[in-house]
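Residue numbers start from 1 in every chain, and the chains themselves are labelled A, B, ... in the order their sequence lines are given, proteins ahead of strands. The structure presented is a predicted model; accordingly, all values stated were derived computationally and were not measured.
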2 protein chains.
Amino acid sequence: MTTIKDIAQKSKVSVATVSYVLNNTRWVHEEKRKRVLEAISELNYVPNAVARGLRVQKSKAISFVVSDITNPFYPDLAKACEDLAQTKGFTINILNTDDKPDRTQLALNQVREGKVDGIIVTSALEQDREHFQKFMEQGYVIVLANRFIKGLQVDSVVADNFSGAVMATNHLYQLGHRKIAFMPGIIGSSITESRLNGYLKAMEDAGLTIYPEWLTSGEARYSGSYNTTKFLLGLPEEKRPTAILSLTDIGALGVLDAATDLGISVPDDLAVIGFDDLFISGTRSIQLTTVSIPRYEMGNLATSLLLERLEKSGKPEFQEIVLPVELIVRKTCGKQK
Amino acid sequence: MTTIKDIAQKSKVSVATVSYVLNNTRWVHEEKRKRVLEAISELNYVPNAVARGLRVQKSKAISFVVSDITNPFYPDLAKACEDLAQTKGFTINILNTDDKPDRTQLALNQVREGKVDGIIVTSALEQDREHFQKFMEQGYVIVLANRFIKGLQVDSVVADNFSGAVMATNHLYQLGHRKIAFMPGIIGSSITESRLNGYLKAMEDAGLTIYPEWLTSGEARYSGSYNTTKFLLGLPEEKRPTAILSLTDIGALGVLDAATDLGISVPDDLAVIGFDDLFISGTRSIQLTTVSIPRYEMGNLATSLLLERLEKSGKPEFQEIVLPVELIVRKTCGKQK
DNA sequence: CTGAAAGCGCTTACAG
DNA sequence: CTGAAAGCGCTTACAG
């Protein structure tokens, strides 16, 4: 491995000078400068980032934590993060938590260990609150994206999930549906809560009744949604929903498949709406009506918030950004009944 | 920030001793040991990984490079990598190349800079050959997954793409198809090449003719495949394929949608087969016949190859693993004609 | 304009 | 069983 010392020797200057030309951080006599540059290219030298990091106490890396990168929702976020980070010379670490709090701790430790300078978490849960609180008190920087934690003072960028759920529910109502079920996701997630609240509000405003059986899911993935749908569609006539609002598009796929397997046709006998607007949802074979979440923008903003806070170590106001969402009407709700 | 020195002072031992209890690397008198442990938990100390990394010349991190994490094929690979890496205390960096060679260079530099110990690249291209060659000559470690580079001496784990294409083509042939088109992907990728060769071989063995127009794609994504399909289906009768073999499932979705938009029904008027067997492909609305690629296993093996090579610095034989694939027959090819 | 030297926070021979 | 000290490869006050 060739180091700065080798370059210094070969070009007959001090290591200091090499460092200065490397970083362009002070004027160096043209001739020396040239010698240094030559030595660098001859010896194929690339500076050691770890040594530099130790010295300047910065790693130029950030962690991006997701609950499951395998869920097509997250790669878009991660991509946005990497795209921006890369232009600033930052490297990005991915960490899957599977929504397990101890995995999130692992991510926090990456910054305590100095491996990364800051962290973006898209998988915040209510039970993380104290850990995050303490983490920030220790002076570390974190920004929340996608899911926030109520009342926690921290930078965050989320979608307007409440309004999204209201819009979706109203859409169903306007189409003539009166028995509208909502399938919540994991508890402790602000997404489940905001969307549930939006649904509840819209149902109440419409004077519709909600059967407790409708709110049992707790699992927004494909198979959980598939099973819940079979349960819902097996309910006695009066309680059997004519419309299902799924927490995610992936979940909605489970709803669709369960309906198919039950011989129930969508949208004629059942309306379904998802959340996210994944690429796949727009496909001719799916045509899912859904609430679109601006994922790329969310990842981008979260990253720029983090990078900003990393630059200026002051303690400016925390920013809580809420991104607007949009109802994308396609084919899974059908026409006016 | 609290350092090993603080712990040493507080517990009245040397920093060496602290280090030894931290790493459990030599026997320490029980009493001192206890004092150290107490100090650690009282001061909430966590060792600095960067300093350690500099000292031992290891970062305990690896890079995982993909062409585009947004393509649902890759997250499964990445997940496998992280799952395994995490159990060994390794952290993983994700880097998207968009199939641009200079981005790949960035990844190589991450290891030259000491940020990561090794690298798994799933997006190798023929034009990377020399860079990888030199990289390895410099003593750095790399393993190729998914795509390999012919003749390059390096650890690799890929799927048996050739056989997959043969199986797919034969399936179509047995169903009665005689005009079977193949839509290649990016050139320089071993995947395009192996699958193309498999297709060519099967077509030849069956004595079928191939029109050059059939091989024009060069784009395995959705929109490229969509457009190519429109082109193929617009060909004069004799050259118009009755079956299309897409390089990927995502591409096959484009084929499906183009057919739909053209009013051509699948599988009655057009058979389509993909590659990958993404989750979505098995869904009731898609039911895509496809060649399944064992992604998770591929990521897992690649990671364990890398980790192995990182441990034993000797130069054992390079391993070239080829994973078997499977034809998953679903609904997009229909019955015997 | 330039260099010698301290120091970032660790680990690990070396000596006792 | 334990400690003082060198050193990993850089950057950056400090002094000239």
Let me check I have this right: for DNA chain D, each base becomes ., (, ), [, ] or |, based on Watson-Crick or G-U pairs with both distances under 3.5 Å. What is the full string? |||.||||||||.|||
D:dC1, C:dG3, D:dA5: which one has an atom nearest the side-chain heavy atoms of B:Trp27?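 Of the options given, the side chain of B:Trp27 lies nearest D:dC1.
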Looking only at C:dC10, D:dT2, D:dC10, the nucleotide nearest the B:Thr17 side chain is D:dT2
Are OP1 or OP2 of [N] and a side-chain N or O of [X] less than 4.0 angstrom apart?
X: B:Ser19; N: C:dC10; result: no
X: A:Gln57; N: C:dG9; result: yes
X: A:Lys58; N: C:dC8; result: no
X: B:Ser14; N: D:dT2; result: no
X: A:Lys5; N: D:dG9; result: no
X: A:Tyr45; N: D:dC10; result: yes

On DNA chain D, nearest-nucleotide positions of A:Thr25 versus A:Met1: which is more 5'? A:Met1
Take A:Leu54 and B:Ala16, find for each the nucleotide of DNA chain D with the closest heavy atom, and name the residue whose nucleotide sits nearer the 5' end.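 So the residue in question is B:Ala16.
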Output the distance between atom [atom1] ([X]) and atom [atom2] ([Y]), rounded to the nearest 0.5 Å.
X: B:Met136; Y: B:Leu108; atom1: CE; atom2: CG; value: 11.0 Å
X: B:Leu301; Y: B:Leu306; atom1: CG; atom2: CG; value: 12.5 Å
X: A:Asn300; Y: A:Leu77; atom1: CG; atom2: CG; value: 10.5 Å
X: A:Glu130; Y: A:Phe135; atom1: CD; atom2: CZ; value: 15.5 Å

Is the closest side-chain donor-acceptor distance between B:Glu82 and A:Asn96 under 3.5 Å?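 Their side chains do contain a donor-acceptor pair, which is all the 3.5 Å distance test asks for.
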Answer with yes or no whether the side chains of B:Gln110 and B:Ser63 bring together a donor and an acceptor at under 3.5 Å.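 Side chains of B:Ser63 and B:Gln110: pair found under 3.5 Å.
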What is the distance, to the nearest angstrom, from the [atom1] atom on [X] to the [atom2] atom on [N]?
X: B:Glu30; N: D:dT2; atom1: CD; atom2: P; value: 10 Å
X: B:Tyr20; N: D:dG3; atom1: OH; atom2: P; value: 11 Å
X: A:Asn24; N: D:dT12; atom1: CG; atom2: P; value: 13 Å
X: B:His29; N: D:dT2; atom1: NE2; atom2: C1'; value: 11 Å
X: B:Ile7; N: C:dG9; atom1: CD1; atom2: C1'; value: 12 Å
X: A:Arg52; N: C:dG9; atom1: CZ; atom2: P; value: 16 Å
X: B:Asn48; N: C:dG7; atom1: CG; atom2: P; value: 18 Å
X: A:Lys60; N: D:dC10; atom1: NZ; atom2: C1'; value: 16 Å

Select base, sugar-phosphate, or nothing to describe what A:Val28 touches, counting heavy atoms under 4.0 Å on all strands. sugar-phosphate
Would a 4.5 Å heavy-atom cut-off, applied to side chains only, mark A:Asn48 and B:Glu113 as touching? no
Is any side-chain heavy atom of B:Arg112 closer than 4.5 Å to one of B:Gln138?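 The answer is yes; the side chains approach within 4.5 Å.
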Derivation and outcome, salt bridge (charged side-chain N to carboxylate O under 4.0 Å, His left out), residues A:Glu38 and A:Lys10: CA-CA 9 Å; A:Glu38 258 169 36; A:Lys10 188 168 173 75; over 6 Å; no
Separation of the [atom1] atoms in [N] and [M], to the nearest angstrom:
N: D:dC14; M: D:dC10; atom1: P; result: 24 Å
N: D:dC1; M: D:dA5; atom1: P; result: 24 Å
N: D:dT2; M: D:dA6; atom1: P; result: 23 Å

Polar side-chain contact B:Arg26-D:dG3 base: donor and acceptor under 3.5 Å: yes
Mapping B:Leu22 and A:Lys12 onto DNA chain C by nearest heavy atom, which one lands closer to the 5' end?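 Nearest-nucleotide comparison on DNA chain C picks A:Lys12.
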